[in-house]
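Take a look at the structure set out below.
Just follow the structure's listing: the first ligand is 1, and inside any ligand the first atom is 1. Numbering starts at 1 and runs along the sequence shown.
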Amino acid sequence: MTSTTVLRPVEQIVTAHRQTEGGGFVVRRPFPTAAVDHFDPFLLLDEMGPVDYGPGEAIGAPDHPHRGFETVTYMLDGAMEHRDSTGAVGVIRPGAVQWMTAGSGVIHSEMPTEEMQQRGGRNHGFQIWVNLPAADKMIPPRYQGFEADEFTRASLDHGGMLRVLAGTVAGHVGPVETSIPITYAHATLHAGDTVQWNVADGETALVHVFDGSAVANDAEASSGQLVAFERSSGAVTVSAAGSEPAEVLLLGGRPIGEPIARYGPFVMNTRDEIVQAIDDFNAGRLGSIPAEGSGVERNN
Ligand code: MN
């Protein structure tokens, strides 16, 4: 950081609450809550686990629909298998990302792999929901799958690591193609490490701490707290607070600025479009997941 760096003001710090999702797994969710519905263009941030499952205990989210936005799954531990109504089958392993553009609609399941269901193991990951602009809400569904070694990684000066999934942080560019400008990065910060993120003017910038404690500009946040910055100009710098390592996600994006009508797994612009989505789902127009064994294994 140079002496001329302007730091973006902190808008608020929100603390995640715990919530049960899917087949009964517990997530830590900073938003949406009663207080914060969304941080445009982000609609949801869930941390799944970390949880250690015994044999036969692992659970996930069986068949369910989505329309009008993107679901992004980033696994740190464990292995999730997704199956969907386009016939795609894929396993998301530690460090891997599935960036799913639901668009006009999919039915998918997000379940621990057969092996994980039988033997148990640690499950830990994130799912974020990224909104789509009205013009893209009904585009055909699309998947982008990335393995851990496809992400841009940079070692930090004091032993930490920066991984850029999408967008640009500290000059490192992530590989994911996004409809609107999105930044998604994961930093492991050791004492003395600092990441400077030059957020574009007017864009949303969020720092979510999920282990240890971190300092983001002039705010200190501990595990489970998310720091939201003003949509002004200026950079975000993040470092570990104290001597213990911290784990943080950086999330940035250009606000879409359109009306949001959301109902469960559907996020549209108007209530009529939500009613249409429910009708389409009930009438089977979002399709169904092909029977086991008939899917096509692919990650893209
Ligand atoms: Mn889903």
Side-chain angles (χ1 to χ4, degrees), residues 18-32 37-38 41-49 51 58-76 78-93 96-113 116-117 123-132 136-146 165-166 176 178-179 182 184 249 251 260-268 273-274 277-278 280-282 284-290 292 295 298-300:
R18 286 180 198 278
Q19 164 128 2
T20 301
E21 271 300 316
F25 58 90
V26 175
V27 300
R28 218 159 50 150
R29 175 177 294 172
F31 70 94
D37 184 70
H38 64 279
F42 300 103
L43 300 161
L44 172 145
L45 170 57
D46 272 354
E47 180 179 13
M48 305 173 280
V51 56
I59 47 180
D63 307 10
H64 61 277
H66 292 293
R67 171 181 279 180
F69 61 103
E70 300 180 304
T71 68
V72 180
T73 305
Y74 175 39
M75 294 302 293
L76 297 178
M80 296 283 280
E81 182 181 273
H82 87 265
R83 312 180 72 85
D84 73 74
S85 51
T86 72
V89 179
V91 176
I92 315 167
R93 300 188 185 284
V97 166
Q98 183 208 61
W99 200 289
M100 183 185 90
T101 303
S104 61
V106 292
I107 310 283
H108 75 164
S109 64
E110 304 160 273
M111 298 295 290
T113 56
M116 187 132 175
Q117 292 187 40
N123 191 63
H124 189 201
F126 289 90
Q127 185 165 99
I128 64 171
W129 289 8
V130 182
N131 205 2
L132 288 168
D136 289 342
K137 281 191 177 294
M138 295 298 281
I139 60 176
R142 172 192 188 194
Y143 288 86
Q144 297 176 74
F146 298 89
L165 314 182
V176 178
T178 58
S179 296
I182 297 289
Y184 191 1
L249 298 182
L251 286 169
I260 293 174
R262 64 193 293 174
Y263 180 80
F266 307 121
V267 184
M268 304 301 290
E273 290 167 344
I274 291 291
I278 295 167
D280 287 347
F281 171 57
N282 287 336
R285 288 190 285 268
L286 300 190
S288 61
I289 301 178
E292 190 103 12
R298 63 179 171 84
N299 273 324
N300 278 292

Item to check | Under 2.8 Å from the Mn ion (ligand 1) - protein N/O/S, by chain and number | outcome: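 Protein N/O/S atoms under 2.8 Å of the Mn ion (ligand 1): H64 NE2, H66 NE2, H108 NE2, E110 OE1.
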Next on the checklist: Whether the side chain of R262 engages the backbone of L43 through a donor-acceptor N/O pair (distance < 3.5 Å, no angle test) should be reported.
Outcome noted: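 Pair found, side chain donor or acceptor close to backbone of L43.
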Next on the checklist: As a test of understanding, state which of F266, W129, F281 forms a ring-ring contact (aromatic ring centres under 6.0 Å, His included) with H66.
Outcome noted: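 Of the listed residues F266, W129, F281, the ring-ring contact (aromatic ring centres under 6.0 Å, His included) partner of H66 is W129.
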Checklist entry - Which residue, H82, Q98, R83, Q127, forms the side-chain hydrogen bond (donor to acceptor under 3.5 Å, both in side chains) with E110? => result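 Of all the options given, the one that passes is Q127.
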Item to check | Contacts of F31 that satisfy ring pair (Phe, Tyr, Trp, His ring centres under 6.0 Å) - sequence neighbours left out | outcome: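 Ring pair (Phe, Tyr, Trp, His ring centres under 6.0 Å) check on F31 returns F39.
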Next on the checklist: Is it the case that atom CZ in R93 sees more than 12 heavy atoms from other parts of the structure closer than 6.0 Å?
Outcome noted: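 Not buried by this count: 12 neighbours or fewer within 6.0 Å.
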Item to check | Salt-bridge contact R29-E21 (side-chain N to carboxylate O under 4.0 Å) | outcome: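 Here R29 pairs with E21 in a salt bridge, since their nearest N and O are under 4.0 Å apart.
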